[in-house]
Peer 1: 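Shown below is the structure under consideration.
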2 protein chains.
Amino acid sequence: MLLVERGQEPYAGRWALPGGFLLPDESAETAARRELAEETGLADVSGLHLEQLRTYSEPGRDPRMRVVSVAFAALLPDPPEPHAGSDAAEARWTPYDEARDLAFDHDRILADARDRVGGRLEYTCLATAFCPPEFTLGELQQVYETVWGAPLDRPNFRRKVLATPGFVEPVPGAARLTGGRGKPAALYRAGPATTLHPPLLRTSREGRPA
Amino acid sequence: MLLVERGQEPYAGRWALPGGFLLPDESAETAARRELAEETGLADVSGLHLEQLRTYSEPGRDPRMRVVSVAFAALLPDPPEPHAGSDAAEARWTPYDEARDLAFDHDRILADARDRVGGRLEYTCLATAFCPPEFTLGELQQVYETVWGAPLDRPNFRRKVLATPGFVEPVPGAARLTGGRGKPAALYRAGPATTLHPPLLRTSREGRPA
DNA sequence: CCCTTAATAGTCACTAGGACTATAAAGAGA
DNA sequence: TCTCTTTATAGTCCTAGTGACTATTAAGGG
């Protein structure tokens, strides 16, 4: 999770999700992409998947004034070192489990985000957006295991992924990733499919329903 | 679909989704519920399921000024006759397929709504929100068939629904709905479950992906 | 008194997938 | 150099879920 340390009141010194205000002539999507580029320093964020989560509009969620926030999730593999924005003291990547006690209602937003992304991993090919352009099935599986917080059986995962047409396709030339510890893994890239049929379901879905 | 005929420019005379503006101290959910009560004349909308869909913020989507809309879907069985609001010439219920050429970007919003609700029928017990407090499995099946636009096999649907713990529970006293044409159907009510495991999947999902 | 309609019960076979074992191919360490 | 460990890959077995059926029951209509 990309978090920024707030430099000003309210919640000065507390960590928060990065964000900003809409400019007069941009959509929320455009603004989110702009803020993402600013915080990460990434030159090209145009190809990144940006997913609108939901809108938070409860009065009083910002003690200063009425603020309506449209939350987005962006998924980037191998993220670069972040750059703190203007009103932030610092910015850094934090594991999900350590991102606690955030400013405003950002704990709630973060939990919703994980929920949503975890759910979309089941029914869409979203997981490849977390991977570099060429990846091994082990890396893809780690995406699922990280977001879902549960281990998966490797042979079954492999069978399922390869049996889904268009999910992944092998890199031509029988390319393999060497340098690891075990047998070199074959390299794949994202296929043309966007949805998974049938879905790749978590066996036991604990946690927040509906 | 509850549509209102616009009485003023822009799009005067065109049908549109009902909506309104946030009051200074209410959340989008509260505002949506208030607008729903105004348009439908329903006294108690507190128990209705209201689902936030997404937020539309493209500049220029309203020619008058910058408007950001948070779209919600409410599901009501046996809806009452609507009452046109202040700025609407008329209000009426319209089948989904006849709700075309709406004002603003409301065609898009409506399509997104159907998509979202159709998807949630697969994984949640949302369908019971479309039914009266006591309903037959045939009525529940019609919800799925209407939203998905495809017929379902009745015995299989029945088996699936009854095999899902907490989805529906029989009304005590072996109550049945008589007065129909065939064999009287047993009455059920919504159970405590909110999610379906495993999901009730559409066999062929055509249409808009991801 | 049939005939139609709709609900309900049950069968059969196929498939996806969970659990598991076995093999292959690399690096690490003795 | 020869294990040993690690990881990828291949394959097996079995069961729950479900699509496609057929059969039966119980109402109303002509």
Side-chain angles (χ1 to χ4, degrees), chain A residues 121-123 127 131 134-146 148 150-171 173-189 193 195-206, chain B residues 121-123 131 134-146 148 150-171 174-189 193 195-206:
Chain A
L121 287 187
E122 294 187 327
Y123 314 114
C131 295
E134 299 188 346
F135 51 87
T136 69
L137 294 186
E139 290 173 304
L140 188 66
Q141 183 176 346
Q142 275 193 19
V143 172
Y144 280 90
E145 292 179 334
T146 302
W148 288 353
L152 297 174
D153 180 82
R154 196 184 292 267
N156 290 342
F157 179 82
R158 172 188 192 76
R159 174 180 50 176
K160 173 70 184 175
V161 169
L162 295 181
T164 303
F167 190 5
V168 299
E169 47 194 31
V171 172
R176 292 184 165 268
L177 181 71
T178 177
R181 297 234 290 182
K183 176 174 176 176
L187 285 172
Y188 295 86
R189 58 171 63 124
T195 55
L196 258 41
H197 291 292
L200 183 46
L201 294 171
R202 287 171 275 196
T203 38
S204 72
R205 183 195 300 208
E206 79 299 336
Chain B
L121 286 187
E122 294 187 326
Y123 315 114
C131 294
E134 298 189 346
F135 52 87
T136 69
L137 294 186
E139 290 173 306
L140 188 66
Q141 184 176 345
Q142 275 194 20
V143 171
Y144 279 90
E145 293 179 334
T146 302
W148 287 354
L152 297 174
D153 180 82
R154 196 185 292 266
N156 290 342
F157 179 82
R158 172 189 191 77
R159 174 182 48 177
K160 173 70 185 175
V161 169
L162 294 181
T164 303
F167 191 4
V168 300
E169 46 194 30
V171 172
R176 295 186 162 264
L177 181 70
T178 177
R181 297 233 288 183
K183 176 175 175 176
L187 285 173
Y188 294 85
R189 59 171 62 124
T195 55
L196 257 41
H197 292 293
L200 183 45
L201 294 171
R202 287 172 274 196
T203 39
S204 71
R205 182 194 303 206
E206 81 298 337

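Remember, predicted model here, so these are calculated numbers, not experimental data. Lettering follows sequence order; numbering is per chain, from 1.
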Peer 1: Name the one of A:Leu162, A:Thr164, A:Asn156 that satisfies side chain to side chain contact (heavy atoms under 4.5 Å, CB included) with A:Lys160?
Peer 2: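 Of the listed options, the one satisfying the test is A:Thr164.
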Peer 1: Find the distance B:Leu140:CG to C:dT8:P and express it as a whole number of Å.
Peer 2: 12 Å
Peer 1: Taking the side chain of B:Arg159 as its heavy atoms from C-beta onward, which of D:dG19, D:dT6, C:dA19 lies nearest to it?
Peer 2: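 Nearest to the side chain of B:Arg159 among the choices is D:dG19.
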Peer 1: Provide the closest heavy-atom pair for B:Val161 versus B:Phe167 in the form atom of the first, atom of the second, distance.
Peer 2: CG1-CD2, 3.8 Å
Peer 1: Could you check whether any side-chain N or O of A:Glu139 sits under 3.5 Å from a backbone N or O of A:Cys131, counting only pairs where one atom can act as donor and the other as acceptor?
Peer 2: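 Checked: no pair found.
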Peer 1: Give the rounded distance in Å between these two atoms: CG of B:Leu162 and C1' of C:dA7.
Peer 2: 12 Å
Peer 1: Closest approach to the side chain of B:Ala185, judged atom by atom: which nucleotide of C:dG18, D:dA8, C:dA7 is it?
Peer 2: C:dA7
Peer 1: Return the OG1 to CD distance between A:Thr146 and A:Gln141, rounded to the nearest 0.5 Å.
Peer 2: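 Answer for the OG1-CD pair, A:Thr146 versus A:Gln141, is 10.0 Å.
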Peer 1: Which nucleotide in the set D:dC21, C:dC20, D:dT9 lies at the smallest distance from any side-chain heavy atom of B:Asp153?
Peer 2: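 Per side-chain heavy atoms of B:Asp153, the pick is D:dC21.
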Peer 1: Using whole Å, what does the distance between atom C1' of nucleotide C:dA16 and atom CZ of A:Phe167 come to?
Peer 2: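 Between C1' of C:dA16 and CZ of A:Phe167: 16 Å.
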Peer 1: Quick check: on DNA chain D, is the nucleotide nearest B:Lys160 upstream (toward 5') of the one nearest A:Gly138, or the reverse? Name the residue that is more 5'.
Peer 2: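 Its nucleotide being nearer the 5' end, the pick is A:Gly138.
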Peer 1: Nearest heavy atom decides the nucleotide; on that basis, is B:Glu139 or A:Gly182 closer to the 5' end of DNA chain C?
Peer 2: B:Glu139
Peer 1: Would a distance-only check, ignoring hydrogens and angles, find a side-chain to backbone donor-acceptor pair under 3.5 Å from B:Tyr188 to B:Leu137?
Peer 2: no
Peer 1: Once you round it to whole Å, what is the distance between P of D:dA8 and CD of A:Gln141?
Peer 2: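 Result: 8 Å.
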Peer 1: Rounded to whole angstroms, how far apart are CD on B:Gln142 and C1' on C:dA6?
Peer 2: 12 Å
Peer 1: Taking CZ from B:Arg202 and C1' from D:dG19, how many angstroms apart are they, rounded to a whole number?
Peer 2: 17 Å
Peer 1: Which listed nucleotide (C:dA7, C:dA6, C:dG17) is nearest to the side chain of B:Arg181?
Peer 2: C:dA6
Peer 1: For the side chain of A:Pro184, counting heavy atoms from C-beta on, which of C:dC20, C:dA16, C:dA26 is nearest?
Peer 2: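 Nearest to the side-chain atoms of A:Pro184, counting from C-beta on, is C:dA26.
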Peer 1: D:dA8, OP1 or OP2 - any side-chain N/O from A:Arg154 closer than 4.0 Å?
Peer 2: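 So the side-chain polar atoms of A:Arg154 do come within 4.0 Å of the phosphate oxygens OP1 or OP2 of D:dA8, strictly under.
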Peer 1: Given atom CG of B:Asn156 and atom C1' of C:dA7, what is their separation to the nearest angstrom?
Peer 2: 14 Å
Peer 1: Can you identify which nucleotide, out of D:dA10, D:dT18, D:dA26, has its nearest atom closest to the A:Arg158 side chain?
Peer 2: D:dA10
Peer 1: Which nucleotide in the set D:dC21, C:dA26, D:dG17 lies at the smallest distance from any side-chain heavy atom of B:Pro155?
Peer 2: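 For the B:Pro155 side chain, the nearest candidate turns out to be D:dC21.
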Peer 1: Separation of A:Phe157 atom CZ from C:dG18 atom P, in whole Å?
Peer 2: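 After rounding, the gap between these two atoms is 12 Å.
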Peer 1: Taking the side chain of A:Lys183 as its heavy atoms from C-beta onward, which of D:dA20, D:dT9, D:dC13 lies nearest to it?
Peer 2: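 Nearest listed nucleotide: D:dT9.
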